[in-house]
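In this chain, residues are counted from 1 in sequence order. Computation of the quantities below employed the complete heavy-atom set of this structure, encompassing side-chain atoms and omitting hydrogens, waters and symmetry-equivalent molecules.
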Amino acid sequence: MRTRRDRRRTTTAAFGIIAAAALALTACSGGNSGTGGSAAADDKAVTFTDISVIAPADPGGGWDQTARSFSQVLTEDKLVKSAPVTNIGGAGGTVGLAKLATEKSANTLMVTGSVMVGAVETNASEKRIEDMTPIAKLTEEAAVIVVPKNSPYKDIKSLVDAIVSKGQAVSVTGGSAGGTDHILAGLVLTNAGVKAADVPKKLNYVANSGGGEATTMLLGGNVDAGISGVGEFVKLIESGDLKALAVSSSERVAQLPDVPTLTEKGIDVTATNWRGLVAPGGITDADKTALVDLVTKVHDTKTWQGILETNGWSDAFLTGSEFDTFLTGDIAQTQDTLKAIGLTE
């Protein structure tokens, strides 16, 4: 999660390094190329022919979209024989994280990102992302704040003013508690003058474990507003079922060129949601190298690049030490932000 406030505080908060680790690996005796991972020594090359992909959320949201898109490229481009996706939703991805911690097979990859970083903190999760093996950062995406088509709120200012004045009477739905959507709502309120300690009292945030649930609530008129990645709401915005009030990026997004940024509307907040991949903790160096190589091959395909364009996802590819550095910094920054808006102590 990156915010304008953080960029003013430190020049190291925004991570812009783009790296791709492309290693030419060949299978050799001693490696296990099946679905059970590798028992090879760390200095032996490994090739995986099957990959299991975990989406730590219910179907319909950004993590699910990312997992299925990644699986699609793996199989369509014949990088592996099979890449089944399993949805394990709950608690901002920390249920999936706990499951990954029990995995013994190195050929398992789980989608992770900003939402999980926040959820680990707000849920005081026993298992942490740091306990897993970081493989790659894949994408970044702006969030969009929307209301139902018949909403009385015609712009972002009227919605924020209503939350400030009416408090819990105005409901906002989004992803998991403590995730990027929740954090963005909190930052918008603090920018509007709400004290950090009062944010939990003012903000009636309805958390969901998948984008589909938030969409259902919005279309059913059960909540007043919603926050999610642009890709999750763009079709409903284009159809007129939802009205977009603002996007969280520093510039307008190509998919919604007529929707202003928060900063254009005088709200000094910018934020993006990143997504990436981690593997079980404790895998061998050879296993990690093979997974990084495989993910790099996915990233370099025309199929993946087309998926990025279609979904409006920014290419934010990082592997190796660059991803390790980014992840460490993002965790620390998220901890600071959650405290600053009163969501953790």
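In this structure, a donor-acceptor pair under 3.5 Å is absent between the side chains of D50 and N107. Side chains of D77 and T301: no donor on one and acceptor on the other come within 3.5 Å. Between the side chains of S125 and N123, not a single donor N or O lies within less than 3.5 Å of an accepting N or O. Looking only at atom types and distance, the side chain of D155 has a donor-acceptor partner in the side chain of S158 under 3.5 Å away.
The side-chain contact (heavy atoms from CB on, under 4.5 Å) test with L291 singles out one residue from T296, T108, V46, I135, and that residue is I135. Of the residues T49, L294, I51, V295, the one that meets the side-chain contact (heavy atoms from CB on, under 4.5 Å) test with L79 is L294. Of the candidates D330, T112, T180, W274 forms a side chain to side chain donor-acceptor pair (under 3.5 Å) with just one, namely D330.
Of the possible polar contacts, one joining the E141 side chain to the V230 backbone as a donor-acceptor pair under 3.5 Å is found. A distance-only check finds no donor-acceptor pair linking the side chain of E103 to the backbone of G281 [under 3.5 Å]. Remark: the backbone N or O of A177 is paired with a side-chain donor or acceptor of T122 at under 3.5 angstrom.
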**Request:** Go through the steps to decide whether V117 and S114 satisfy the test side-chain contact (heavy atoms from CB on, under 4.5 Å), and finish with yes or no.
**Result:** CA-CA 5 Å; V117 173; S114 303; 5.5 Å; no
Test E345 against K339 for salt bridge (charged side-chain N to carboxylate O under 4.0 Å, His left out), laying out the working first. CA-CA 6 Å; E345 296 181 356; K339 290 179 182 177; over 6 Å; no
Report task. Walk me through it: do I54 and V111 pass the test side-chain contact (heavy atoms from CB on, under 4.5 Å)? Result -> CA-CA 6 Å; I54 296 175; V111 179; over 6 Å; no
Test salt bridge (charged side-chain N to carboxylate O under 4.0 Å, His left out) on E264 and R252; report intermediate values, then the result. CA-CA 9 Å; E264 285 181 68; R252 295 193 182 195; 2.8 Å; yes
Could you walk me through whether D315 and Q305 satisfy the side-chain contact (heavy atoms from CB on, under 4.5 Å) test, starting with their C-alpha distance in whole Å, then the side-chain angles of each, then the deciding distance to 0.1 Å, before giving a yes or no? CA-CA 8 Å; D315 190 349; Q305 294 303 315; 3.6 Å; yes
Exercise. Given side-chain contact (heavy atoms from CB on, under 4.5 Å), test W313 with L138 step by step and report yes or no.
Key: CA-CA 9 Å; W313 297 341; L138 297 175; over 6 Å; no
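Listed by first then second residue, pairs satisfying ring pair (Phe, Tyr, Trp, His ring centres under 6.0 Å) with a partner in residues 77-117 number zero, not counting sequence neighbours. Sorted by first then second residue, the side chain to side chain donor-acceptor pair (under 3.5 Å) pairs that include residues 194-205, not counting sequence neighbours, number zero. The salt bridge (Lys or Arg N to Asp or Glu O under 4.0 Å) pairs that include a residue from residues 156-166 are K157-D161, where partners are two or more places apart or lie in different chains.
Between atom CG of residue D241 and atom CG of residue L236 there is a gap of 5.5 Å, rounded to the nearest 0.5 Å. The distance from atom CG of L277 to atom OG1 of T133, rounded to the nearest 0.5 Å, is 12.5 Å. Atoms CG and OG1, on D293 and T289 in that order, are 8.5 Å from each other to the nearest 0.5 Å.
Because its NZ or CZ atom is not both nearer than 6.0 Å to the ring centre of F317 and within 45° of the ring axis, K137 does not count as a cation-pi partner of that residue.
P200 approaches I341 most closely through the heavy-atom pair CD-O, 4.4 Å.
Counted within 6.0 Å of CD on E309, heavy atoms from surrounding residues, nucleotides or ligands total 12 or fewer; the atom is thus considered open.
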